[in-house]
Asker: 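Attaching a single structure in structure tokens format; questions to follow.
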Amino acid sequence: MAFSSVKYFGLSTTFDPLHKNLFSSKPCVSSFFSKKIALPNCDKANNIMSKKPLYISAVSGFGHVNESKSRDPLVQCNAYEASRPPISIEFDEETQIVAAHKFKIGLYFATWWALNVVFNIYNKKVLNAFPFPWLTSTLSLAAGSFIMLVSWATRIAETPKTDIDFLKALFPVAVAHTIGHVAATVSMSKVAVSFTHIIKSGEPAFSVLVSSLFLGETFPLPVYLSLVPIIGGCALAAVTELNFNLTGFMGAMISNLAFVFRNIFSKKGMKGKSVGGMNYYACLSMMSLLILTPFAIAVEGPKVWALGWQNAVSQIGPNFIWWVVAQSVFYHLYNQVSYMSLNEISPLTFSIGNTMKRIVVIVSSIIIFQNPIQPVNALGATIAIFGTFLYSQAKQLEKFGKKDE
């Protein structure tokens with residue numbers, strides 16, 4: 001309890017700040033005396049008192065005023081000025097959980113984008129010196145498979161519990177993933193990284209097309225309208241691309257189509273399965289590796305790889321080996337993080353994050369590789385990416401509309 005102490009005429013008089021007479025013009029009264037003692041000039045006394053609360057530090061009796069008279073003993077009260085208490089803001093447990101979840105998602109997105117940028121840079125460097133996309137794709141899947149096998153063996157990651165039903169459901173997903181991965185790598189071996197990602201930003205158009213033709217789904221008008229800037233922007237970017245290559249363009253288009261089927265097969269076949277995001281992608285990589293390896297050998301072959309490898313090492317030096325290792329490892333890491341984030345967020349939020357990722361990759365690749373780009377080409381890329389954002393917003397409105405029904 002706070003008190004203010006003022007000595008007057010040799011007496012220690014104690015004031016209670018909560019007492020309403022303290023700031024009034026009426027006589028101040030000590031609560032320690034049985035009789036009221038009027039103290040003149042209380043306004044002056046108020047000026048003496050500190051604005052901060054004063055706390056009692058010691059209380060000691062020091063005898064009677066007059067031993068011959070029956071009177072209560074006087075009490076000496078020493079006081080000290082209290083320091084201002086720190087401001088404390090407390091959040092409830094639910095608010096803390098929500099904030100921690102948002103921070104976790106933000107960390108996932110930042111890591112996902114950064115790893116993707118690094119992968120695209122080293123992947124393009126490898127393909128420029130070693131133009132064998134089938135082997136490059138195979139090495140990426142092999143690196144991821146090796147990392148996860150070591151993680152399971154050392155118990156860094158929990159070994160997934162799989163069965164024959166899980167593998168059957170995973171197989172069509174792995175086929176689509178393999179085609180999409182190889183097609184994207186072929187595209188980046190022929191054209192600039194930025195151009196490949198501009199074309200791949202048109203994936204929502206393929207998603208609507210496939211869902212309408214094969215699944216019989218219908219979408220609201222805003223979804224269809226959002227496809228106009230996507231298709232128009234991609235077309236404008238392709239027409240104005242200085243280093244346009246038909247193989248590179250078709251590779252990106254096939255990759256879009258394959259990844260749409262991968263998402264559809266994944267949603268249909270993996271419902272009710274208990275394998276988490278990290279292990280799910282690990283199993284997907286291993287099955288894709290088994291599918292891809294014989295095709296890579298048939299299309300390119302070990303003899304061609306040996307000659308190409310020798311030529312690349314002679315031109316680049318030992319750094320080329322580091323490039324191959326980096327592009328392989330970072331491919332697995334960025335995909336693994338993206339699947340881990342998909343466990344924490346909705347597919348719609350993931351789609352928006354994927355769109356933002358392409359912007360980061362496009363800008364980074366243009367800066368690093370200093371690819372010449374025309375203003376019209378940049379305009380086409382901007383329109384396509386903006387259309388992808390509109391598509392995600394339209395899908396969100398569609399989702400809320402279904403909930404209201």
Asker: Establish, yes or no, whether a centroid distance under 6.0 Å links the rings of F119 and Y122.
Answerer: no

Asker: Between N335 and Y331, is there a donor-acceptor pair closer than 3.5 Å when you use the side chain of the first and the backbone of the second?
Answerer: yes

Asker: Are the side chain of T388 and the backbone of A384 linked by a donor-acceptor contact shorter than 3.5 Å?
Answerer: yes

Asker: Determine whether a donor-acceptor pair (N or O, by modelled atom type, separation under 3.5 Å) exists between the side chain of E300 and the backbone of L135.
Answerer: yes

Asker: Atom CD1 of I230 and atom CG of L390: how far apart are they, to the nearest 0.5 Å?
Answerer: 8.0 Å

Asker: Are any of the side-chain heavy atoms of W323 and F130 separated by less than 4.5 Å?
Answerer: no

Asker: Provide the closest heavy-atom pair for I291 versus F295 in the form atom of the first, atom of the second, distance.
Answerer: O-CD1, 3.1 Å

Asker: Would you mind reporting whether S285 and S145 have side-chain heavy atoms less than 4.5 Å apart?
Answerer: yes

Asker: Please check: side-chain N/O of S226 versus main-chain N/O of V223, any donor-acceptor pairing under 3.5 Å?
Answerer: yes

Asker: Between S187 and A183 (side chain of the first, backbone of the second, donor and acceptor by atom type, cut-off under 3.5 Å), is there such a pair?
Answerer: no

Asker: Check whether any side-chain N or O of N311 sits under 3.5 Å from a backbone N or O of L307 as a donor-acceptor pair, and report yes or no.
Answerer: no

Asker: State, with a plain yes or no, whether a side-chain heavy atom of V210 is found less than 4.5 Å away from one of F261.
Answerer: yes

Asker: Treating T240 as the side-chain partner and L236 as the backbone partner, does any N or O pair qualify as donor plus acceptor under 3.5 Å?
Answerer: yes

Asker: Does some side-chain heavy atom of M253 sit less than 4.5 Å from a side-chain heavy atom of F206?
Answerer: yes

Asker: Rounded to the nearest 0.5 Å, how far does NZ of K125 lie from CD of Q327?
Answerer: 12.5 Å

Asker: Is any side-chain heavy atom of K190 less than 4.5 Å from a side-chain heavy atom of L246?
Answerer: no

Asker: Using 30° and 60° as the class boundaries, would you call the ring planes of H332 and Y281 parallel, tilted or perpendicular?
Answerer: tilted

Asker: Is the W309 ring parallel, tilted or perpendicular to the F320 ring (thresholds 30°, 60°)?
Answerer: perpendicular

Asker: Is there a donor-acceptor pair under 3.5 Å between the side chain of K124 and the backbone N or O of M188?
Answerer: yes

Asker: To the nearest 0.5 Å, what is the distance between CG on N123 and CG on N128?
Answerer: 9.5 Å

Asker: Taking the side chain from S392 and the backbone from F389, do they hold a donor-acceptor pair closer than 3.5 Å?
Answerer: yes

Asker: Under the side-chain contact (heavy atoms from CB on, under 4.5 Å) test, which residues partner I366, sequence neighbours left out?
Answerer: S194, I362, I373

Asker: Crowded around Y224 OH? As in, over 12 foreign heavy atoms under 6.0 Å?
Answerer: yes

Asker: I need the minimum non-hydrogen distance between S288 and A174, along with the two atoms involved.
Answerer: OG-O, 3.3 Å

Asker: Hey, what do you get for CG (L284) to CD (Q336), rounding to the nearest 0.5 Å?
Answerer: 12.0 Å

Asker: Say you draw a straight line from CG of N256 to SG of C234; how long is it, rounded to the nearest 0.5 Å?
Answerer: 8.0 Å

Asker: Could you check if a side-chain atom of H177 sits within less than 4.5 angstrom of a side-chain atom of L141, using non-hydrogen atoms only?
Answerer: yes

Asker: On a heavy-atom basis, which atom in A169 and which in V173 lie closest, and how many Å separate them?
Answerer: O-CG2, 3.7 Å

Asker: Looking at S364 and V361, would you say the former's side chain and the latter's main chain have a donor-acceptor pair under 3.5 Å?
Answerer: no

Asker: Which pair of non-hydrogen atoms, one from F244 and one from A238, has the smallest distance, and what is that distance?
Answerer: CD1-O, 3.6 Å

Asker: Count the heavy atoms belonging to other residues, nucleotides or ligands that lie under 6.0 Å from CZ of F369, then report whether that count exceeds 12.
Answerer: yes

Asker: More than 12 foreign heavy atoms under 6.0 Å from NZ of K357: is that the case here?
Answerer: yes

Asker: Is there a donor in the side chain of S137 and an acceptor in the side chain of T185, or the other way round, less than 3.5 Å apart?
Answerer: yes

Asker: Shortest non-hydrogen contact from E158 to W152?
Answerer: O-NE1, 3.7 Å

Asker: Please examine the side chains of F259 and S255, heavy atoms only from C-beta on, and report whether any two atoms are closer than 4.5 Å.
Answerer: yes

Asker: If you look at every heavy atom in C283 and T162, which pair is closest and at what distance?
Answerer: SG-CG2, 4.3 Å

Asker: What is the distance from atom NE2 of H181 to atom CH2 of W134, rounded to the nearest 0.5 Å?
Answerer: 11.0 Å

